2 protein chains.
Amino acid sequence: MSVVIPVQVTNHLIRCLSREERNRFLQHCESVNLVFGDILCELDQPIQHVYFPLAGFISLVISMEDHQPLEVGLIGNEGMLGATLALGIADAPLKAVVQGSGSALRMTAAQFQLELRNSPSMLSTLNSYLYVLVMQLSQTAACTHFHEIEPRLARWLLMTHDRAHADHFHLTQEYLADMLGVRRSSITIAAGKLQQQKLISYIRGDINILDRKKLEAVSCECYSLLNDHYARLFP
Amino acid sequence: MSVVIPVQVTNHLIRCLSREERNRFLQHCESVNLVFGDILCELDQPIQHVYFPLAGFISLVISMEDHQPLEVGLIGNEGMLGATLALGIADAPLKAVVQGSGSALRMTAAQFQLELRNSPSMLSTLNSYLYVLVMQLSQTAACTHFHEIEPRLARWLLMTHDRAHADHFHLTQEYLADMLGVRRSSITIAAGKLQQQKLISYIRGDINILDRKKLEAVSCECYSLLNDHYARLFP
DNA sequence: CATTTTATGTGTCGTAGCGCACAGAAAATT
DNA sequence: AATTTTCTGTGCGCTACGACACATAAAATG
């Protein structure tokens with residue numbers, strides 16, 4: 001199972017490990033491509049692998065009767081998919097889909113649970129991450145309910161920007177609409193406003209972040225709140 | 001710290017423990033009254049005690065700028081407050097307020113963390129509970145966004161009914177409105193409809209559940225989904 | 001019993017966002 | 001180059017719900 005590992009392991013959680021633990025841990029990882037649309041796990045189905053994104057990012061979505069799936073969480077190189085294995089439950093609590101192509105390190109669920117047993121620092125890192133997840137889910141619930149589409153879109157673009165590590169990424173309005181749980185044409189309008197203000201450019205799914213600072217001003221406070229939560233637990 | 005413990009310990013999580021562990025655990029608990037409006041913990045503040053409701057129930061709420069706090073979770077004798085201590089973080093991820101007066105067992109946070117170390121079955125129970133919390137928060141996020149007030153109110157009444165262990169409880173429309181994140185007069189209308197259909201009666205905050213079956217039919221699917229999630233992990 | 005406080009019912013108006021429908025335009029496919 | 005598919009812009013009517021306002025009536029308080 002020893003596999004070629006990228007020279008730069010840019011995943012924050014893995015970087016939280018001591019050099020020794022990290023090396024042992026990486027020996028059981030394999031490098032994989034994340035491809036847009038890939039379903040990495042399904043609600044209530046056994047987790048096959050845990051994923052540590054390096055580039056690219058993963059959406060946690062919840063499906064509802066009579067509605068498009070709604071995004072409740074976003075995972076990039078600041079986090080991981082499969083953290084709930086630390087709770088000793090083998091099934092996934094949410095569906096996970098690749099939203100931005102890129103790469104990740106992954107490990108089988110079984111191996112990961114083995115590693116957890118003799119890697120206390122990984123366990124504590126994971127615990128902190130789960131704690132952040134709880135705050136993230138709560139904040140997202142309130143944000144989705146109270147805030148308007150434009151600030152929410154701005155927040156989403158910022159979060160994606162952080163995780164894409166590039167000023168440019170590709171996502172259609174259709175997908176954005178699903179993520180935010182709104183109509184496609186509502187995104188057209190909100191994105192149009194952001195474009196008018198020269199905060200982004202948007203051509204058939206090709207999004208460019210033009211003015212990050214102003215985008216932060218337009219987005220709801222949830223963006224900085226969530227960042228603060230994360231920063232406090234992962235200094 | 002040995003304290004009088006009610007003969008019947010009706011909290012499900014404590015009942016998940018083996019007889020031996022349970023007895024040891026209970027020796028460090030004290031019995032307290034939950035009084036409506038009591039704030040049991042504040043966001044980002046150290047958790048003082050963990051609470052295991054026997055009767056009565058606790059709301060997890062998130063505060064937003066320019067908005068009333070929104071409820072994202074409800075804790076009765078099926079759960080506990082303070083489970084995140086199992087993640088090794090001392091601060092509360094959410095504010096918690098008593099929504100239904102009653103009683104609970106409680107333990108200091110410090111003692112609880114000690115107990116966790118030599119009570120593996122408590123730890124695994126807690127882990128399962130945290131897993132349920134993640135699912136609950138996700139489902140609540142989607143429900144709050146997509147579903148209309150009447151089904152949401154019905155769901156809330158059912159969940160409260162389950163935790164109050166009585167067909168009657170007291171809550172003003174003002175409070176209900178805050179919990180659901182809506183206007184007070186929207187509750188008047190929704191509750192009025194439920195009353196017309198003889199599903200509940202509602203007189204100045206005194207709520208009576210008249211027809212549980214039909215209330216379930218009116219509520220959104222989230223009610224049974226959340227119950228299923230819980231039942232799967234705590235058979 | 002008078003007064004204040006609390007809780008509910010109602011009513012009016014404004015609006016964000018939905019559902020639906022269709023048209024134009026860019027990209028992909030043949 | 002012609003055709004199909006994908007993506008975006010736009011418009012219209014509708015509705016759930018918000019903001020605000022006020023009336024009534026039951027409790028609590030003096």
Side-chain angles (χ1 to χ4, degrees), chain A residues 36-37 64-71 99 142-157 168-197 199-208 218-220, chain B residues 36-37 64-70 99 141-157 168-197 199-208 218-220:
Chain A
F36 177 83
M64 304 285 284
E65 290 174 17
D66 298 330
H67 284 285
Q68 295 298 110
L70 175 74
E71 179 181 279
Q99 268 314 327
C143 178
T144 305
H145 182 60
F146 285 125
H147 293 153
E148 291 169 11
I149 293 182
E150 196 179 338
R152 285 180 61 212
L153 175 60
R155 170 164 89 89
W156 200 92
L157 291 172
H168 169 271
F169 42 90
H170 187 91
L171 275 173
T172 67
Q173 297 190 349
E174 192 82 42
Y175 270 96
L176 282 173
D178 285 357
M179 292 303 100
L180 301 189
V182 300
R183 272 182 326 159
R184 199 261 313 150
S185 50
S186 296
I187 296 289
T188 304
I189 293 166
K193 286 183 188 166
L194 296 181
Q195 199 164 13
Q196 271 185 351
Q197 300 171 261
L199 309 187
I200 63 169
S201 75
Y202 198 146
I203 300 164
R204 292 182 71 77
D206 285 326
I207 302 173
N208 280 284
V218 171
S219 90
C220 52
Chain B
F36 177 83
M64 304 284 283
E65 291 173 15
D66 299 330
H67 284 284
Q68 295 298 110
L70 175 74
Q99 268 314 327
C143 177
T144 305
H145 183 59
F146 286 124
H147 293 154
E148 290 169 12
I149 294 181
E150 196 179 337
R152 285 180 61 213
L153 176 60
R155 171 164 89 89
W156 200 92
L157 291 173
H168 169 269
F169 42 91
H170 187 91
L171 276 174
T172 67
Q173 298 189 347
E174 193 82 42
Y175 270 96
L176 282 172
D178 286 357
M179 293 302 101
L180 301 189
V182 299
R183 274 181 324 157
R184 199 261 311 151
S185 50
S186 295
I187 295 289
T188 305
I189 293 166
K193 287 182 188 165
L194 296 181
Q195 199 164 14
Q196 270 184 352
Q197 299 170 260
L199 309 186
I200 63 169
S201 74
Y202 199 148
I203 299 162
R204 292 181 72 75
D206 285 327
I207 301 173
N208 280 285
V218 171
S219 90
C220 52

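Sequence lines set the chain letters: A, B, ... in the order given, protein chains first and strands last, and positions in each chain run from 1. Everything quoted here is computed from the prediction, not taken from an experiment.
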**OP:** Could you go through the side chain to side chain contact (heavy atoms under 4.5 Å, CB included) check for A/Leu171 and A/Met179 one step at a time?
**Re:** CA-CA 11 Å; A/Leu171 275 173; A/Met179 292 303 100; over 6 Å; no
Original post:
Quick one: B/Ile187 CD1 to D/dA19 C1', roughly how many Å, whole number?
Top reply: 16 Å
Original post:
Nearest-Å distance, CD (B/Gln68) to C1' (D/dA19)?
Top reply: 13 Å
**OP:** Using the six-membered ring wherever Trp is involved, compare the ring planes of B/Tyr175 and B/Phe36 and label them parallel, tilted or perpendicular (cut-offs 30° and 60°).
**Re:** perpendicular
**OP:** Decide yes or no for A/Phe169 and A/Leu157: does some side-chain heavy atom of the first lie under 4.5 Å from some side-chain heavy atom of the second?
**Re:** yes
Subject >> Given DNA chain D, 5'-ward residue of the pair B/His147 and A/Ile203, judged by closest heavy atom >> reply: A/Ile203
**OP:** Could you tell me whether A/Gly205 contacts a base, only the sugar-phosphate backbone, or nothing, with contacts defined as non-hydrogen atoms closer than 4.0 Å?
**Re:** sugar-phosphate
Original post:
Nearest to the side chain of A/Ile149, which nucleotide is it out of D/dG18, D/dC20, C/dC18?
Top reply: C/dC18
Original post:
Does any N or O donor sit under 3.5 Å from an N or O acceptor when you compare the side chain of A/Arg184 with the base of C/dG19?
Top reply: no
Original post:
On a plain distance test, is the side chain of A/Arg183 in donor-acceptor contact with the base of C/dG17 below 3.5 Å?
Top reply: no
Original post:
Does the side chain of B/Gln173 get closer than 4.0 angstrom to OP1 or OP2 of C/dG9 through an N or O atom?
Top reply: yes
Original post:
A/Leu194 has an atom CG; how far is it from atom P of D/dT8, in whole Å?
Top reply: 14 Å
Subject >> B/Asp206 CG - D/dA26 P separation (whole Å) >> reply: 14 Å
Original post:
Quick one: A/Phe146 CZ to C/dT15 C1', roughly how many Å, whole number?
Top reply: 17 Å
**OP:** Tell me which nucleotide among C/dT10, C/dT8, D/dG18 gets nearest to the side chain of B/Val182.
**Re:** D/dG18
Original post:
Does a nitrogen or oxygen in the side chain of B/Ser185 sit under 4.0 Å from OP1 or OP2 of D/dG18?
Top reply: no
Original post:
Mapping B/Ile189 and B/Thr172 to their closest nucleotides on DNA chain C, which lands nearer the 5' end?
Top reply: B/Thr172
**OP:** Show your reasoning for whether side chain to side chain contact (heavy atoms under 4.5 Å, CB included) applies to A/Trp156 and A/Glu71.
**Re:** CA-CA 10 Å; A/Trp156 200 92; A/Glu71 179 181 279; 2.6 Å; yes
Subject >> Whole-Å gap separating C1' (C/dT15) and CD (A/Glu150) >> reply: 15 Å
Original post:
Whole-Å distance between D/dT8 C1' and A/Leu176 CG?
Top reply: 13 Å
**OP:** Give the rounded distance in Å between these two atoms: CG of A/Asp66 and C1' of C/dC18.
**Re:** 15 Å
Original post:
For the side chain of B/Glu148, counting heavy atoms from C-beta on, which of C/dG9, C/dC18, D/dC17 is nearest?
Top reply: D/dC17
**OP:** Starting from the C-alpha separation in whole Å, work towards a yes-or-no answer on side chain to side chain contact (heavy atoms under 4.5 Å, CB included) for A/Met64 and A/Leu70.
**Re:** CA-CA 8 Å; A/Met64 304 285 284; A/Leu70 175 74; 5.7 Å; no
